[in-house]
Amino acid sequence: MDTVNLLEGLNAQQREAVTAPEGPVLVLAGPGSGKTRVLTRRAAWMQVELAVSPWRMMAVTFTNKAAREMRQRLAAMLGENAARAMALGTFHALCARILRREAEVAGLSPDYVIFDSDDQLSLMKQVVRELGLDDKRYRPRSLLNSVSRAKNELIPPTEYPTTTYHDLVAARAYARYQELLRKSNGLDFDDLLMETAKLFQADDLVREKYQHRYRHILVDEFQDTNMAQYVILNLLAREHHSLYVVADEDQSIYSWRGADARNIRRLRQDFPELRTYLLEENYRSTQVILDAAQAVIARNRGRTPKRLFTRRQGGVAIRLREAYDEVDEARFVAEEIQRLLRSYRPGDVAVMYRTNAQSRALEESLVHRNIPYRLIGATRFYARKEIKDLLAYLRLVQNPDDDVSLLRAINVPPRGIGARTIARVSEAAAEQGLSRYRAVLWLLEQRAVKGRTYNALLAFVSLVQQWLQVYQETGLDALLESILADTNYRAYLRTHTQERAPRSDGLSAADARWENVMALQAVVSEAADLPLGDFLTEVALVADVDELSEEQDAVTLLTLHSAKGLEYPVVFITGLEEGRLPHSRSLDTEQEIAEERRLLYVGMTRAKERLYLTYAFRRSWGWGGGEPSEPSRFLDDLPAEVLSRPQPQRTRATSTWSQPAWRPSRPQQRVTQYHVGDRVQHAHYGEGTVMECELSGHEEVVTVLFEHVGAKRLLAGRAPLTVLPKH
DNA sequence: AGATACTGCTTTTTT
DNA sequence: AGCAGTATCT
């Protein structure tokens with residue numbers, strides 16, 4: 001393998017970036033500019049040209065999928081061995097490995113288990129109960145958010161800023177949460193980063209060891225690193241300054257997870273000799289798509305404008321489509337896909353949305369037309385109840401001190417250990433300072449429980465001990481089989497799964513769950529030679545079985561967040577409504593709205609050839625029925641030229657760029673049931689006054705100012721409204 | 001004491 | 001749609 005090959009097919013900017021002199025390097029790149037490709041080539045180039053040993057390199061990717069792809073490319077260029085020798089993976093995976101190896105120095109047990117977000121939530125609920133907090137005022141979820149933010153900033157409970165009473169409570173919850181987590185011998189996702197950062201900060205020897213081991217570091221999607229990750233990078237790279245980082249500020253969409261685009265500035269400060277390279281040529285999208293995306297992102301303030309360009313002049317105009325509701329929207333998408341399938345493969349098409357809940361209508365519509373699809377994320381495989389149940393057993397075998405898993409597994413399937421008994425176990429655990437599993441053993445030894453309860457607890461404990469033996473003697477594969485057999489899990493699924501509406505695939509809900517179990521078993525047999533701990537770590541960090549199943553030729557449904565780093569010839573972005581995108585939870589600050597805008601930008605720039613944008617006039621929000629919605633403000637920024645929607649004749653003189661390309665559909669005047677000024681009574685909102693009536697399609701929309709809840713837009717035909725007589 | 005049936009409440013995004 | 005809390009059944 002020689003240099004010519006490594007630089008083959010790269011443009012001048014890319015070549016320059018790949019062949020940058022050793023030292024700190026920042027590559028600022030636009031979407032579709034081949035930044036991951038540059039990163040991969042750089043790794044190869046360093047090995048070939050600078051004679052860097054692959055053992056001395058670490059490459060951090062944003063997803064497992066990206067890591068897998070990078071490894072494949074490296075294997076093709078340098079051979080299997082070199083590709084395998086490099087440390088390559090997500091931050092979390094790399095940190096998990098380091099912590100397992102350095103557990104003792106880090107003050108952890110090497111048997112630790114990783115707590116996923118479900119486990120975190122159970123634990124925090126426990127904390128809220130224990131501290132006697134009102135779970136309405138102190139929502140476990142929002143407490144977890146605070147904890148996560150603190151951990152990402154490397155702030156321990158004792159240093160948690162307590163300016164308000166609420167913060168004080170959060171600090172106490174954080175402290176207790178952390179205490180319980182460590183007692184369970186668990187680490188949550190944020191701990192993986194925090195503990196690694198702390199380890200490198202505290203222990204010079206370990207830090208030097210890894211500085212030497214990972215002498216050259218490469219990082220993809222650097223704009224989405226958080227403080228903890230930055231500290232880790234900084235500590236590792238500060239000795240040799242061989243840090244190669246690829247970023248695009250405009251694609252920073254994870255600030256809610258602690259990601260801080262200011263890390264780019266920090267990098268400049270901490271490594272003054274940093275060299276910066278730009279990648280401005282877009283190889284992915286047509287001019288039309290790029291123009292539209294640029295118009296949307298240009299509205300964000302304080303960004304460094306980029307000069308992105310593409311040689312793919314022109315292109316198919318973007319379709320903007322208003323649908324009546326989400327069902328109509330899904331129908332449009334499916335019908336359009338059906339038409340496109342004459343010239344595209346199903347795998348060429350992706351449908352994106354802001355929230356996972358939006359996938360349902362789309363799925364139904366695709367199933368109805370027999371269009372194959374695969375769903376990314378949504379109900380994550382490892383988050384399904386049946387899978388979590390079984391993983392809880394596995395985790396208990398690995399680490400009996402895992403209280404969350406114990407609470408989950410102890411009475412599933414029901415084996416006569418009810419709330420009362422569990423309360424006694426918890427009590428004993430607290431009194432004796434034991435984990436719950438050990439408290440059960442203690443209760444049994446002391447004969448503190450009798451009769452049926454004693455037998456039930458004894459039976460449970462013997463099961464776990466038996467399984468431990470099975471695992472030690474025969475391994476992972478047999479362990480899962482024993483668990484399934486001994487718990488009679490299939491029978492449990494049959495009796496405890498309630499059938500809902502008939503499914504399109506004809507399976508009963510119980511059968512579908514059993515299929516998931518079989519899928520888990522397949523995963524286990526593939527990993528049968530892994531130690532249980534490694535298997536559980538992998539499972540916790542991979543998180544989606546779709547990642548494991550091989551790519552099939554199917555339409556992809558995914559959130560805008562998970563679309564990052566991907567590309568498709570045809571992209572649909574659905575649900576472009578106020579409250580959806582931008583999401584109603586992200587309307588408070590300009591920064592939040594800016595991030596929502598970047599999210600749309602990321603979605604749009606995934607498209608190579610065709611882009612569809614859709615919004616619904618009305619969308620049901622969970623189960624609350626349909627409420628009218630307004631088209632997203634971001635649509636206002638689309639220049640008329642890029643849209644295919646029939647436009648009113650424009651005169652040459654008017655600048656179409658600054659004008660909204662599109663106007664909300666104004667209903668023509670017809671008869672309305674309600675009138676401005678009417679006093680009305682609503683079943684839930686109480687009394688109010690009608691402020692506005694409009695007809696749209698066949699529906700009448702009234703805006704009512706309610707005395708207690710403020711203004712609401714309602715569908716007159718569906719809302720429980722009555723007109724009150726005028727006084 | 002445990003299991004089950006019913007009712008009301010809440011949903012962003014992910015390693 | 002799923003979960004916690006409550007009421008009722010075994």
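By convention in this document, chain letters (A, B, ...) are assigned in the order of the sequence lines, proteins followed by strands, and residues within each chain are numbered from 1.
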Rounded to whole Å, please give me the gap between [atom1] in [X] and [atom2] in [N].
X: A:Arg141; N: B:dT10; atom1: CZ; atom2: P; result: 13 Å
X: A:Asp188; N: B:dT14; atom1: CG; atom2: P; result: 18 Å
X: A:Leu192; N: B:dT14; atom1: CG; atom2: P; result: 19 Å
X: A:Asn226; N: B:dT15; atom1: CG; atom2: C1'; result: 10 Å
X: A:Arg360; N: B:dT11; atom1: CZ; atom2: C1'; result: 11 Å
X: A:Glu577; N: B:dT12; atom1: CD; atom2: P; result: 17 Å
X: A:Leu375; N: B:dT14; atom1: CG; atom2: P; result: 11 Å
X: A:Arg452; N: C:dT10; atom1: CZ; atom2: C1'; result: 10 Å

Review point. What do you reckon, are the aromatic ring centroids of A:Trp256 and A:His561 less than 6.0 Å apart?
Key: yes
Any side-chain N or O of [X] below 4.0 angstrom from OP1/OP2 of [N]?
X: A:Lys125; N: C:dA4; result: yes
X: A:Asn411; N: B:dA3; result: yes
X: A:Arg354; N: B:dT12; result: no
X: A:Thr63; N: B:dT15; result: no

Please say whether the positively charged group of [X], taken as NZ for Lys or CZ for Arg, lies over the ring of [Y], i.e. under 6.0 angstrom from the six-membered ring centre and within 45 degrees of the axis.
X: A:Arg257; Y: A:Tyr254; value: yes
X: A:Arg415; Y: A:Phe460; value: no
X: A:Arg395; Y: A:Phe115; value: yes

Point to revise | Sugar-phosphate, base or nothing in reach of A:Phe91, heavy atoms under 4.0 Å | key: nothing
Check your understanding: For A:Thr421, which contact category applies under a 4.0 Å heavy-atom criterion: base, sugar-phosphate, or nothing?
Key -> sugar-phosphate
Point to revise | Those residues that, when tested against A:Glu102, pass side chain to side chain donor-acceptor pair (under 3.5 Å) (two or more places apart) | key: A:Lys209, A:Tyr210
**Study point:** side chain to side chain donor-acceptor pair (under 3.5 Å) partners of A:Thr453, counting only residues at least two apart
**Key:** none
Check your understanding: What about A:Arg585: does its side chain form a donor-acceptor pair under 3.5 Å with the base of B:dT12?
Key -> no
To the side chain of [X], which of [options] is closest?
X: A:Asn356; options: B:dT15, B:dG2, B:dT13; result: B:dT13
X: A:Tyr254; options: B:dG2, B:dT12, B:dT14; result: B:dT14
X: A:Thr559; options: B:dT12, B:dA1, B:dT14; result: B:dT14
X: A:Lys385; options: B:dT13, C:dC3, B:dT11; result: C:dC3
X: A:Phe189; options: B:dT15, B:dA1, B:dT14; result: B:dT15

Could you pull out the protein-nucleic contacts involving nucleotides 4-9 of chain B (nitrogen or oxygen on both sides, under 3.5 Å)?
from: B:dT4; atom 1: OP2; to: A:His496; atom 2: NE2; distance (Å): 3.2

Check your understanding: If the P atom of B:dT11 is compared with that of C:dG5, how far apart are they to the nearest Å?
Key -> 14 Å
Review point. Are A:His583 and B:dT12 stacked, counting the six-membered base ring, centres under 5.5 Å, planes under 30°?
Key: yes
Point to revise | Verify stack between A:Trp256 ring and B:dT12 base, 5.5 Å, 30 degrees | key: no
Review point. Closest heavy-atom contact between A:Asn399 and A:Val113?
Key: ND2-CG2, 3.6 Å
Review point. Can you tell which of A:Gln223, A:Arg597, A:Arg303 makes a side-chain hydrogen bond (donor to acceptor under 3.5 Å, both in side chains) with A:Asp250?
Key: A:Arg303
Exercise for review: Would you mind telling me which residue lines up with the more 5' stretch of DNA chain B, A:Arg139 or A:Ile253, judged by nearest nucleotide?
Suggested key: A:Arg139
